[in-house]
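Report on the structure given below.
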Amino acid sequence: MKKEVKNKIVEILKKEGLLFPDIEDKIKVEPPKEELYGDLATNVAFLLTKHLKQKPQDIALKIKSILEKDPMFSKVEVLNGFINIFLSENYYHNIVKKAVLEKDRFGEVLEKNRGKINIEYVSANPTGPLHLGHGRGAVVGNLLANMYSYIGYKVEKEFYINDAGNQIKKLGQSVYARFRQIDQPDYPFPEDGYHGDYIKEIAKELYHYEREKILSMLSEEEAVDFCAQYAKNYLLDKIKEDLKLINVEFDIWTSEKHLYEHGKVEQALNFLKNKGLLYEKDGALWLKTSLYGDEKDRVIKKSDGTYTYFAADIAYHFDKYERGYDFIINVWGADHHGYFPRLKAAVMAFGVPENWINVVFIQLVKLFKDGQEVKMSKRSGDFITLRELVEEVGKDAVIYFFASKDPDTHLNFDIDVALSKSNENPVYYVQYAHARISSVFREAKERFDFNPEEDFDADLSLLIQEEEKSLMKFLSTMQQEIEEAAVKNQPHKITNLTYDLASKLHKYYYQHKFLIENDEKLMRARLYLLKAVRNALRTLFRLMGITPLERM
RNA sequence: GCGCCCGUAGCUCAGCUGGACAGAGCAACGGACUUCUAAUCCGUAGGUCGCACGUUCGAAUCGUGCCGGGCGCACCA
């Protein structure tokens, strides 16, 4: 819609000989802040002031006189130099019909042929349950994936399992120690081991099912390794369960260990070696990342002969590179931002353009309780898990809360507010909008023997109230808004949109009646609009993974 | 020291590829249920958009410099 109007304006300028080369990209056609200014507004007149040496107002008036002849517009006004455009009724009616037809996929591009992309998120180490920070990453990543899918990409959702490093070893040692402590309480626990109670539970399970096997093992090393693998699988299952709690599922699980076992690391390094990008120094192997914008070269193989984590990550991204994505997005904790330049450099060494790899950084979640910040530490086992939170406040509230802030800003999570289950939580506000519509539909069926859930026609020209126009206007811009939010990696805009739509619905609801005794035509028209609005809400809910409520 | 993020109403945050009076929720105060669910709606009050220069017809938005908070600067993962 915006594009359509912009093109018309560009055409006019061309015809009038006013299309100066520097302004075409600067022409904005946007819905204005205030609805009374119209459906769309443009700033062209300001851009021309310099070239024409005339006041914006005068230029705007000239363009207005041409624009208002177009049947797509019902009215064109000039105010303070802005050109305000009002779209014709017919345009809006078609949008409402579209929303009714497309159900909970209103505006979605159904042919996913815009490209193939990969979004990797969460990727928590399988050494403990998911905590709040992971929850935020999970919600943001999932929402992004759904948004890109909505606008026509084929999206693969991926979880990278860090199961080859020291943490896994430490995990094994911790579990093994707890295992031994069952018979021998003074068995030493590793100093930097994982202290959470879940370690004891895993040990108990092992004691119950695998006691003989472990005790008969020849070396402690073997036993620790066995415990590590067992614990890893146990915790990965838990992680999957936890993610399911907030409607997050992955298409691909990639194991770091498998990358090594399948020679992926060698393969990737060979590729770089053949390009002449590796060299030896001080007994270690280095990659020339500084050629691609990193501040210095990085070690890939340590002087003791083992690979760095970076090497595995290169192999991992080489694998993604070979899978042929148009671009990839990694959702990372902000504490990793210093790591991005070197990974980007390595990836560019494969030969992809700079914008092939994108990272969305998630700032840390700070937890507050009783007005005090709660320090969370995985090592001490002292933290609130995602599961605990979901059980307390509900899935939808957790999703909505994590999705509602710009990922790249710090998030203060006040447990007391979240646990209060009160209307302080905005998710109730949007849910209520949906439930209200469903409630009206139930009443319509009961009192008027008219079921809006089934297909029906309506005369939309009867929708002339302010609130109705406001809703129709929202519907006409929703798709474009989602498109822009996706492309800019701004998932929190979805919650803003949802809130906005709910607010318009609540105002409408308060101001007007839908079940009208003696005017069936009007009733049908309003119910029809409600149905369109409900579909739009469902579409937004679906992106977030929130379940629409039929009643509250 | 260098790099990234943040600093907007008492609190939590939107707005930031420059544009029409700086917005919302919560908290405060005052109204609206014989009406399809008042988990709602309407109104009042509350702001030198961290500070200072600069660019511009126009700056919360862009640039530079400060101040304050967080994070990161490994042959760790």
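Letters A, B, ... are given to chains in the order of the sequence lines, protein chains preceding strands, and every chain is numbered from 1. Source: prediction; values computed, not measured.
Rounded to a whole Å, the NZ atom of A:Lys344 is 21 Å from the P atom of B:G72. Taking atom CD of A:Gln363 as the reference point, atom C1' of B:C13 lies 15 Å away to the nearest angstrom. Taking atom CD of A:Glu550 as the reference point, atom C1' of B:C36 lies 15 Å away to the nearest angstrom. Per the geometry, CD belonging to A:Glu481 stands 13 Å off C1' belonging to B:G15, to the nearest Å. The nearest whole Å value for the distance from the NE2 atom in A:His336 to the P atom in B:C73 is 9 Å. Rounding to whole angstrom units, NE2 of residue A:His410 and P of B:G72 are separated by 11 Å. Regarding A:Tyr509, its OH atom lies at a distance of 17 Å from the C1' atom of B:C42, rounded to whole Å. The interatomic distance linking A:Asp304 (CG) with B:C75 (C1') rounds to 8 Å, in whole Å.
Counting non-hydrogen atoms of neighbouring residues, nucleotides and ligands closer than 6.0 angstrom, the CD atom of A:Glu221 reaches no more than 12 such neighbours.
Under the 3.5 Å distance criterion, the side-chain polar atoms of A:Lys504 are left unmatched by any main-chain donor or acceptor of A:Ser470. Of the possible polar contacts, one joining the A:Arg136 side chain to the A:Gln363 backbone as a donor-acceptor pair under 3.5 Å is found.
In this structure, the nucleotide among B:G25, B:A14, B:A39 sitting nearest to the side chain of A:Tyr499 is B:G25. Nearest to the side-chain atoms of A:Arg436 among the listed nucleotides B:U40, B:A77, B:C13 stands B:U40. Here B:C75 is the nucleotide among B:C75, B:G19, B:C5 with the atom lying nearest to any side-chain atom of A:Asp282. With B:A14, B:C42, B:C36 as the choices, the nucleotide that has an atom nearest any side-chain atom of A:His492 turns out to be B:A14. For A:Gln167, whose side chain is taken as the heavy atoms from C-beta onward, the closest listed nucleotide among B:A14, B:A20, B:A77 is B:A77.
A:Glu468 and A:Tyr508 are linked by a side-chain donor-acceptor pair at a separation below 3.5 angstrom, with hydrogens and angles left out of the test. Defined by atom type and a distance below 3.5 Å, a donor-acceptor pair is missing between the side-chain atoms of A:Tyr160 and A:Asn330. Under the 3.5 Å distance criterion, with hydrogens and angles disregarded, a donor-acceptor pair is assigned to the side chains of A:Glu158 and A:Tyr316. Using modelled atom types, one finds no donor on one side chain facing an acceptor on the other under 3.5 Å when comparing A:Gln167 with A:Asn162.
Using a 4.0 Å heavy-atom criterion, one finds that A:Ala435 contacts the bases of the nucleic acid, with or without backbone contacts as well. If you check every strand for non-hydrogen atoms under 4.0 Å, A:Ala164 touches nothing. Contacts of A:Arg551 with the nucleic acid, taken as non-hydrogen atoms under 4.0 Å apart, include base atoms. At a threshold of 4.0 angstrom between heavy atoms, the contacts of A:Lys493 are confined to the sugar-phosphate backbone, with no base atom among them. Residue contacts for A:Asp335: at a heavy-atom cut-off of 4.0 Å it reaches the sugar-phosphate backbone alone, with no base atom in range. Looking at heavy-atom distances under 4.0 Å, A:Leu79 makes contact with a base.
Checked by distance alone, A:Ser303 brings a side-chain donor or acceptor within 3.5 Å of a matching partner on the base of B:C75. Contact of A:Asn84 with B:A20 (side chain to base): a donor-acceptor pair of N or O atoms is detected under 3.5 Å. Counting atom types as modelled, A:His337 pairs a side-chain N or O with a base atom of B:G3 as donor and acceptor under 3.5 Å.
Across the P atoms, B:C41 and B:G3 are found 47 Å apart, a figure rounded to whole Å. A distance of about 25 Å separates the P atoms of B:U55 and B:C16, rounded to the whole Å. Nucleotides B:U64 and B:G69 are separated by 22 Å at their P atoms, to the nearest Å. One C1' atom belongs to B:A74, the other to B:U56, and the distance between them is 46 Å to the nearest Å. Nucleotides B:C71 and B:A32 have their C1' atoms positioned 49 Å apart, rounded to a whole Å. When the C1' atom is compared between B:C57 and B:C66, the two are found 29 Å apart, to the nearest whole Å. Distance check on atom P: B:C73 versus B:U12 gives 28 Å, rounded to whole Å. Distance check on atom C1': B:A45 versus B:G30 gives 11 Å, rounded to whole Å.
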Just the dot-bracket of RNA chain B, please: which string comes out with Watson-Crick or G-U pairs under 3.5 Å, [ ] for crossing, | for another strand?
((((((((.[[[[.)...(...]]]].(((((.......))))).....[[[[[..)....]]]]])))))))....

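Residues forming a salt bridge (Lys or Arg N to Asp or Glu O under 4.0 Å) with A:Asp408 (at least two apart in sequence, or on another chain): none.
Because its NZ or CZ atom is both nearer than 6.0 Å to the ring centre of A:Tyr509 and within 45° of the ring axis, A:Arg436 counts as a cation-pi partner of that residue. Both cation-pi conditions hold for A:Lys405 and A:Phe401: the charged atom is under 6.0 angstrom from the six-membered ring centre and inside a 45 degree cone around its axis.
A close approach under 4.0 Å does occur between a side-chain nitrogen or oxygen of A:Tyr432 and OP1 or OP2 of B:A39. For the pair A:Tyr429 and B:C41, the criterion of a side-chain N or O lying under 4.0 Å from OP1 or OP2 is met. Of the side-chain N and O atoms in A:Lys507, one or more sit less than 4.0 angstrom from OP1 or OP2 of B:C42.
Ring geometry for A:Tyr528 versus A:Phe456: interplanar angle over 60°, hence perpendicular rather than tilted (30 to 60°). Below 30°, between 30° and 60°, or above 60°: for A:Tyr279 and A:Trp286 the angle between ring planes is below 30°, a parallel geometry.
The aromatic ring of A:Phe82 sits over the base of B:A20, with ring centres less than 5.5 Å apart and planes tilted by under 30°. Ring-base stacking between A:Tyr510 and B:U40 is not satisfied when judged by a centre separation under 5.5 Å and a plane angle under 30°.
Each of A:Glu295 and A:Tyr309 was matched to the nucleotide of RNA chain B holding its nearest heavy atom; the match closer to the 5' end belongs to A:Glu295. Mapping A:Thr409 and A:Leu515 onto RNA chain B via the closest heavy atom, the residue that lands nearer the 5' end is A:Thr409.
Looking at A:Ser439 and A:Arg551, their side chains never come closer than 4.5 Å, going by heavy atoms from C-beta outward.
Looking at residues 518-530 of chain A, you'll see that no heavy atom sits under 4.0 Å from any atom of RNA chain B.
In textbook terms, a nucleotide whose glycosidic angle is within 90° of 0 is syn, while B:C21, being further out, is anti.
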